[in-house]
Amino acid sequence: MTFMQQTSSINVSSEIGTLKRLLIHSPDGGIGKVVPGKFKEWLYDDTVHLAQMRREYNEYIKLLLYFLDPEKIPYILECEKKQVNQKQADCFKPDNPAYFNSDKVLETQFLLTQILKNEALRQRIISGVCAWEGCSFATERTLQTITDAAELAKVLITGVLHNKDKSIKEFVFAPVPNFIFTRDIGITINDHLLLSNAATAARERENLLMKFISFYYLFEGNEDKLIEISESSDFFLLDENEQKDFKTSVEGGDVMMIAPNHLLIGVSERTTPSAADEVIHKIFANNKTGIEKITVIKIPHHRAVMHIDTVFTHVRKDTWVLFGKFSERVGQERNDKQFAYYRYLLDKDYVPEHESIEIFRFYKPIAETYQPGKDYLTDISDKVKGLESLLRSISIEDFGIAESDVKIIYSGNNVFPHDEREQWTDSCNLLALKNGVVVGYDRNEETFKGFMANGFTVIKVGELLKKFENNELTPAEVKDTLIVLPSAELSRARGGAHCMSMPLLREKI
Ligand SMILES: NC(=[NH2+])NCCC[C@H](N)C(=O)O
């Protein structure tokens, strides 16, 4: 039986409907191989203490299981208790027979292992990865000799090959240290999945592995629901400069299924204009995706804001968290207080960040037949003046909220330098477990003030889990809450809970 046949499978139509199933990846050994000389290329800003990162991440897993698959909890608690002295309990290791194996909280390495048990696919995947990574024939043969699927999956992800007695290690290819950010490898759009096409080589193998996982596991038998994006066929003939303009990369952190018929696409450091173009055409051409409205948000290209989900996320139908520097309202307010004459005097190309954000809306009713040559751009400038008014308009139009009830919570409570510091450590990158219950990082304390001022409870994950364990509270009873994960190490990889999750199933809202 295929995955689709045995489960009520895959469907996401908002960022805040109750989360029922997602794809994650636990920090693997490859993260422990990141060296300073590779920071830029591998998209890291620091080295990470892997053991501590795993402890932090396991709190996240437990939280997810409590909400999505509570039947696994007794097993996890028992396993943790038995192995307190072990660095990491076996039930958290995807390559261990004791792995918790949930069909709600799915894991990439675990799924890859399942596919690798099929001999024909095993050959195909090894060849695919080897061709991609350009490894020697000898290495390919060595990989073929690994008969244990779990071991092979680990090698294909970490790039580290051990010999039989585990004494000698060899790197067969680079690690993929950003694979924990499963958000970026694909986007569930209703019952379809848009496969990413990474902007940088450091993340390309992730996309390849995700393709295998999608075609041979998650969407097996329903491959028509997978959407792939690629460069146009004449791309290879373009000269170097033109290629820069027409490169087609899209990463999941830039795509949000924000409301049942509405998709947001960020054009950023990672997602290119030509990728947005291609996504718009593919989605409008396919009525089954259920998308009528596509809003494209152009943000500045820099590391601090690599994807739109580092700038804002949806918290509750009426509530958003946003980086104030990118809000036209906040920008205007500052200017009203003291007019910025320097803007006349500075270099001509100086544009304050919020003003450099551009928003475009494309609209095609489902009932209308798609015409490739038609321009679907619609003018929304009367109501959308910038990012903040866009978010407000989504609450009002897509979720039926009264204008006066929409709340915007700002990174660092909009006080410099906390706004920038906390945005950097993902104060705006929250994962909603349900409408009004979101997961973030414990270090972004100034941002908490905005949550509390708007009636939210802020609680450390450890405290919440204790309440669950003592039966003082159930996940169903948790409302209007920001749950915060320990983040000393996790945040160093530069992604938050939103990045560390790929929702596959949410309740309709
Ligand atoms: N959706 C996200 N914001 N993902 C964050 C990815 C972080 C990762 N280090 C990168 O630079 O690619």
Side-chain angles (χ1 to χ4, degrees), residues 12 15 22-25 27-28 30-36 38-48 50 53 56-57 60 108 157 174-188 194-207 209-210 249-258 263-272 275 297 299-314 321-323 326 411 422-432 438-441 444 485 487 489-503:
V12 174
E15 285 263 315
L22 85 171
L23 182 65
I24 57 163
H25 176 60
D28 63 73
I31 292 178
K33 308 289 184 294
V34 176
V35 288
K38 284 289 186 187
F39 284 166
K40 197 159 182 251
E41 194 183 325
W42 287 355
L43 311 169
Y44 265 61
D45 295 281
D46 206 347
T47 56
V48 169
L50 182 57
M53 181 190 237
E56 295 171 356
Y57 194 88
Y60 173 54
T108 51
I157 290 173
V176 277
N178 297 294
F179 207 21
I180 51 171
F181 303 121
T182 49
R183 173 71 56 171
D184 297 330
I185 56 183
I187 310 95
T188 316
L194 170 62
L195 289 161
S196 299
N197 199 359
T200 61
R203 304 201 63 175
E204 281 179 356
R205 197 163 78 248
E206 297 175 45
N207 291 163
L209 296 175
M210 184 57 195
S249 65
V250 57
E251 298 189 358
D254 274 320
V255 186
M256 287 188 198
M257 185 64 216
I258 206 74
L263 192 72
L264 302 184
I265 307 176
V267 166
S268 66
E269 181 187 273
R270 305 293 178 82
T271 300
T272 60
I297 306 162
I299 58 169
H301 290 207
H302 66 75
R303 174 107 190 106
V305 292
M306 64 199 80
H307 300 115
I308 53 167
D309 74 347
T310 64
V311 178
F312 67 89
T313 39
H314 206 179
V321 58
L322 170 67
F323 183 31
F326 283 22
S411 175
E422 298 198 354
Q423 185 276 334
W424 179 260
T425 50
D426 287 295
S427 56
C428 296
N429 188 269
L430 308 181
L431 168 68
V438 285
V439 187
Y441 280 159
N444 298 320
L485 303 172
S487 58
E489 296 301 314
L490 274 179
S491 66
R492 288 178 200 240
R494 297 294 318 291
H498 196 265
C499 312
M500 295 192 298
S501 56
M502 183 206 283

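When a ligand or atom number is given, it counts from 1 through the structure's own listing order.
Set against the non-hydrogen atoms of Met306, the atoms of ligand 1 under 4.0 Å away are 5 (C), 6 (C), 7 (C), 10 (C), 11 (O). Under a 4.0 Å criterion applied to the non-hydrogen atoms of Arg494, ligand 1 contributes the atoms 5 (C), 6 (C), 7 (C). Contact atoms of ligand 1 toward Phe181: 6 (C), 7 (C), 8 (C), 9 (N) (distance under 4.0 Å to a heavy atom of the residue). Contact atoms of ligand 1 toward Arg203: 6 (C), 10 (C), 12 (O) (distance under 4.0 Å to a heavy atom of the residue). For ligand 1, the atoms lying closer than 4.0 Å to a non-hydrogen atom of Arg270 are 10 (C), 11 (O), 12 (O). Atoms of ligand 1 found under 4.0 Å from any heavy atom of Gly253, numbered from 1 in the order shown, are 1 (N).
A salt bridge is absent between Glu41 and Arg203; no separation between the charged side-chain nitrogens and carboxylate oxygens falls under 4.0 Å. With respect to the salt-bridge test (charged N to carboxylate O, under 4.0 angstrom), the residues Asp45 and Arg303 qualify.
Cys499 SG, 2.8 Å is the protein heavy atom nearest to atom 2 (C) of ligand 1. From the protein, the heavy atom lying nearest to atom 6 (C) of ligand 1 is Asp184 OD2, 3.5 Å.
Counted by atom type alone, Asn207 and Ser196 present zero donor-acceptor pairs between their side chains at under 3.5 Å. Under 3.5 Å, the side chains of Glu251 and His307 contain a donor-acceptor pair of N or O atoms.
Of the N or O atoms in Ala493, one or more lie within a sub-3.5 Å distance of an N or O in ligand 1. In terms of polar-atom proximity, defined here as any N/O pair under 3.5 Å, Asn178 does make such a contact with ligand 1. Geometrically, ligand 1 and Thr310 share no nitrogen or oxygen pair separated by less than 3.5 Å. For ligand 1, the polar-atom distance check against Leu43 finds a nitrogen or oxygen pair separated by under 3.5 Å. In terms of polar-atom proximity, His307 is counted as a contact of ligand 1, with an N or O under 3.5 Å from an N or O of the ligand. Considering backbone and side-chain N/O atoms, Arg183 never comes within less than 3.5 Å of an N/O atom of ligand 1.
Heavy atoms of His498 stay at 4.0 angstrom or farther from ligand 1. Heavy atoms of Arg303 come nearer than 4.0 angstrom to ligand 1 in at least one pair.
The backbone N or O of Cys428 lies less than 3.5 Å from no partner atom in the side chain of Gln423, so there is not a single donor-acceptor pair. Side-chain atoms of Thr272 come within 3.5 Å of backbone atoms of Ala275 as a donor-acceptor pair (strictly under, hydrogens ignored). In this structure, Ser491 contributes its side chain and Thr425 its backbone to no donor-acceptor pair below 3.5 Å.
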Checklist entry - After noting the C-alpha distance and the side-chain angles of Ile180 and Met53, does the key distance pass the side-chain contact (heavy atoms from CB on, under 4.5 Å) rule? => result CA-CA 11 Å; Ile180 51 171; Met53 181 190 237; 3.9 Å; yes

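A tilted orientation is assigned to the rings of Phe326 and Phe323, their planes being inclined by 30° to 60°.
Between Thr310 and Asp426, the closest heavy-atom pair is CG2-OD1, 4.4 Å.
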